[in-house]
Every structure is written in C-alpha cells, then in structure tokens.
Amino acid sequence: MTDKPEKFIDENGIRSDGRRANEIRDVKIEVGVLSRADGSCYLEFGKNKVMAAVYGPREVHPRHQQKSNRAIVRYKYNMASFSVEDRKRPGPDRRSIEVSKVSREALENEIFTEYFPKSAIDIFVEVLQADAGTRTAALNAASVALADAGIPMRSLVSACAVGKVDDTLVLDLNKNEDNYGQADVPIAMTPDGKITLLQMDGHLTPEEFKQGLEMAQEGCRQVYELQRKALIDYYSKKTEVVTEATTAEDVKKDAPEEPEDVTPVDVTEDTEETEKIDDTNEIGVTKETDDTKEPGDTKATGDTEETEDTVKTGDVEELEDSGEEVPETGKNADETYGQMDESEEETSNE
C-alpha cells in the first residue's frame, strides 16, 4: 500500500492523476467477449478491469428457491486473488457478500422479472484488477452484460462514485483518494434520475451531499452514454456482418444459371420427311410416307389419297375421248357397271 500523499489537489485544481474535480476516469467497454455466456462485458474503469457474464433466464436449482410469479436474480461479485497488491484470500468474504447483495438490489428492480416465472437470471462479476470503485465498475459491466443477453430491462443502470478529499468534492475517486479521502459515496441510477444504489462512507454536510449528488448524476450520465455507444457499435457491426452474408447469398441465388452446352443443329440438313415432300407429283399426288394417315383422315391441301374406288387420271381421259359417260366413283359406280353387264347379257341372248 502506498503512503498518503501530502496533497490530493494542487493549487491549479488538478488531482494527482491529472484530472479535474468533476472528471471521470477513462472508460473502455467491450461487449460480447464470452461466447459461452448469454451476455458478457469487459470493462476498464481507470485501472479497474472487470469481467461480467450473464446466464439465463434458466431453470432454478435448487427448485425450492424458485418464485411462481417472477424470476429470481442472483448476483455474485468476486475479486481475484491477484487483483490487488497484497494477495487476497480466495473465496467469498464479508465485503464481497455485502457488495453482491446491494448490487443485486440495484439491478433487480430494473429487470422485468415477471416475464420469466420459475426461472433464474445469474450475474457473475469478476474483478481482475482493482483500483478503487470496483462495485460501481462491476455494476456498469453487469448492466451492459444484461442488455447483451437480451434480458428485458426498463433501462440501463449506470454507477459512479463521488467523494471528498482536501475538503473538496471530487468525482470518481482513484485508489489514493478512496483509501485516504474524507468520504466516499458510490451511487447507481437510471438515465431518468432514479437512484437504485446509494451508500456513504465518511461524513458530508447536507450542502456537500446535495452538491455531490448532482456531480454523481452527471458522472452517471457520462457513463450511460458510453454504455449505450458500446452496445450500438457492437450490434451495428454484427448486423453489418449478417447483412453482408445475406446479400452474398441473395446475389448467388439471383445469378443466372450458366447454360448447358447445346450441340448446334444444322437447319439445312435434309430430313426424311423433307426428301419425301420434295418428291411430290406435279398433279398434287404425294408419295406415301411414314406419317401417311389412314383413309378417311383429312390430309394437307393439295394431297390426294389413293383408294380402291379412286379413278385414275388416265382412265378419265380415255373415257372422255371415246365419248362414253364417265362412271361415278364409289357405290354409284358399282351400280352403273352392274346395269351395263345386264344389258350385254340380254343382247347376247337375242
């Protein structure tokens, strides 16, 4: 443990780490860092390094702890043995149990637990490196992890501490200010100003307390903007990746299929039917082809079907030249020939 400094704030109003009284430490937030958790967050708040993971809603074990009308929220805060300069004894202690309790109460009222009866929402926070204000840093990480897990919440919870050093109120105490300061007030609140956590260690006058509350509210607002930006950036990138993959699939589906190799057909090649059509007689009688229809079927214009009753063209010409009547075709022709045969027999008998 370092020795107490002579002054926490110099004559120019600059603190030992270079910040002014109303400035918070640098904050770094990463969302979705654990693949096996439903929601996770890694947060750096100054030199604090915190990992938060959320599991659930899931079945309650043991079953006698479940609530029939809502989900139960379980919050476990733990500091790693290597998180501080002097090795910490592993396992829960009185401080970690107290921090777990107040942190759970700070988050529970902002979760729609009535949506998940008979289930549990487990929040695990591990402090990897401590540098004052670990409970507020843990709350900030847990709130982001809950949002990443898709747990319905009324709003995010943001936390920040205000304290008093050298009779001056300062925002977001560092390690020396927390260890040797005159007061430390961790506060958690929602964006609309609802306070979900308020603790105080030390002494403040009513005027100082009111002023410190306003400073903490401004600090929580800054933290909320960083939380919100981290979530938006994370899901914007995730959406872009999904959109690009979907677009690539759509383009692949919409792309025209490559035509199969088609063997070109020589349209000038003579086919069997073409040759037969070309052999058509000048008088309109077409040679018989494979496609010749049965007698009685209608044929194409100009085609004449040969039947047994059809009179050939040569016979018609001879009859016309001899002056004899042209016999009718079909049934009438048979009757005419029958009458001629009878007349010939009568003549021969005479």
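Only this structure's heavy atoms are used, side chains among them; waters, hydrogens and symmetry mates stay out.
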### Query
Can we say E126 and K49 salt-bridge, meaning some charged N sits less than 4.0 Å from an Asp/Glu carboxylate O?
no
### Message
I'd like to know if the side chain of E114 pairs up with that of N69 as donor and acceptor (distance under 3.5 Å, no hydrogens or angles considered).
### Response
no
### Task
Group every Ile, Leu, Val, Met, Phe, Trp and Tyr by side-chain heavy-atom contacts under 4.5 Å, then state whether M189 and L198 land in the same group.
yes
### Query
Does the salt bridge (Lys or Arg N to Asp or Glu O under 4.0 Å) test come out yes or no for K101 and E105, once each step is laid out?
CA-CA 6 Å; K101 177 182 181 297; E105 294 172 349; 2.7 Å; yes
### Query
How far does NZ of K28 sit from CG of L43, to the nearest 0.5 angstrom?
10.5 Å
### Query
Is there side-chain contact between M79 and V84, with heavy atoms separated by less than 4.5 Å?
yes
### Query
Does R74 pair with E108 as a salt bridge, N-O distance under 4.0 Å?
no
### Contact check, side chains of N22 and E218, non-hydrogen atoms, under 4.5 Å
no
### Query
Can E23 and R15 be counted as an ion pair, charged N to O under 4.0 angstrom?
no
### Message
Side chains of S158 and Q227: any donor to acceptor distance under 3.5 Å?
### Response
yes
### Task
State whether the number of non-hydrogen atoms from other residues, nucleotides or ligands found under 6.0 Å of K88 atom NZ is greater than 12.
yes
### Task
Please determine, by modelled atom types, if Y77 and T134 share a side-chain donor-acceptor pair under 3.5 angstrom.
yes
### Task
Look at the side-chain heavy atoms of Ile, Leu, Val, Met, Phe, Trp and Tyr, link any pair under 4.5 Å apart, and say whether V144 and I111 land in one connected group.
no
### Query
In terms of side-chain heavy atoms, does N48 have a donor or acceptor partner in D131 at a distance below 3.5 Å?
no
### Message
Side chains of S143 and N140: any donor to acceptor distance under 3.5 Å?
### Response
no
### Query
CG of D26: more than 12 outside heavy atoms within 6.0 angstrom?
no
### Message
Is it the case that over 12 heavy atoms from other parts of the model lie below 6.0 angstrom from the CZ atom of R154?
### Response
yes
### Task
Check I24 against C160 and note the closest heavy-atom contact, atom names and distance.
CG2-SG, 4.1 Å
### Task
Treating Ile, Leu, Val, Met, Phe, Trp and Tyr as nodes and any side-chain heavy-atom pair under 4.5 angstrom as an edge, say whether L197 and V185 lie in one connected cluster.
no
### Task
Output the distance between atom OG (S236) and atom NZ (K229), rounded to the nearest 0.5 Å.
9.5 Å
### Message
Pairing donors with acceptors under 3.5 angstrom, does anything connect the side chains of Y42 and E44?
### Response
yes
### Query
Taking the side chain as C-beta and beyond, is there a heavy-atom pair between P5 and Y180 under 4.5 Å?
yes
#### Entry: same_hphob_cluster(V50, V27) at 4.5 Å side-chain heavy-atom cutoff
no
#### Entry: Non-hydrogen side-chain atoms of S83 and L128 separated by less than 4.5 Å
no
### Task
Heavy atoms only: give me the nearest L231-A147 pair and the separation to one decimal.
CD1-CB, 3.8 Å
### D122 side chain to Y75 side chain, donor-acceptor N/O pair below 3.5 angstrom
no
### Message
Distance alone, cut at 3.5 Å: any donor-acceptor contact between the side chains of E98 and Q199?
### Response
yes
### Task
Decide, yes or no, whether a salt bridge links R89 with D93 under the criterion of side-chain N to carboxylate O below 4.0 Å.
no
### Query
Between E214 and K210, is there a side-chain N and carboxylate O pair less than 4.0 Å apart?
no
### Message
Which heavy atom of S81 sits nearest to which heavy atom of P90, and what is that distance?
### Response
OG-CB, 3.5 Å
### Any side-chain heavy-atom pair of R63 and K118 under 4.5 Å
no
### Message
Testing the basics here: between S96 and S100, what is the closest heavy-atom pair and its distance to 0.1 Å?
### Response
O-OG, 2.7 Å
### Within-4.5 Å side-chain heavy-atom neighbours: P57 and I151
yes
### Rounded distance (nearest 0.5 Å) linking atom CZ of F124 with atom OG of S40
13.5 Å
### Message
Checking side chain to side chain contact (heavy atoms under 4.5 Å, CB included) between I121 and each of V54, L107, I72, which is the one that passes?
### Response
V54
### Query
Hey, does L204 have a side-chain heavy atom less than 4.5 Å from the side chain of L169?
yes
### Message
Give me the atom names and distance for the closest heavy-atom approach of P92 to I97.
### Response
CB-CG1, 4.4 Å
### Query
So which of D201, T168, D167 actually passes side-chain hydrogen bond (donor to acceptor under 3.5 Å, both in side chains) with Q182?
D167
### Message
I'd like to know if R19 pairs up with D17 as an ion pair, taking the criterion as any Lys NZ or Arg NE/NH1/NH2 lying under 4.0 Å from an Asp or Glu carboxylate oxygen.
### Response
yes
### Query
Side-chain heavy atoms under 4.5 angstrom apart, residues restricted to Ile, Leu, Val, Met, Phe, Trp, Tyr: same cluster for V102 and V125?
yes
#### Entry: 4.5 Å side-chain heavy-atom contact, C41 and D148
no
### Query
Is any NZ, NE, NH1 or NH2 atom of the basic residue among E177 and K175 found under 4.0 Å from an Asp or Glu carboxylate oxygen of the other?
no
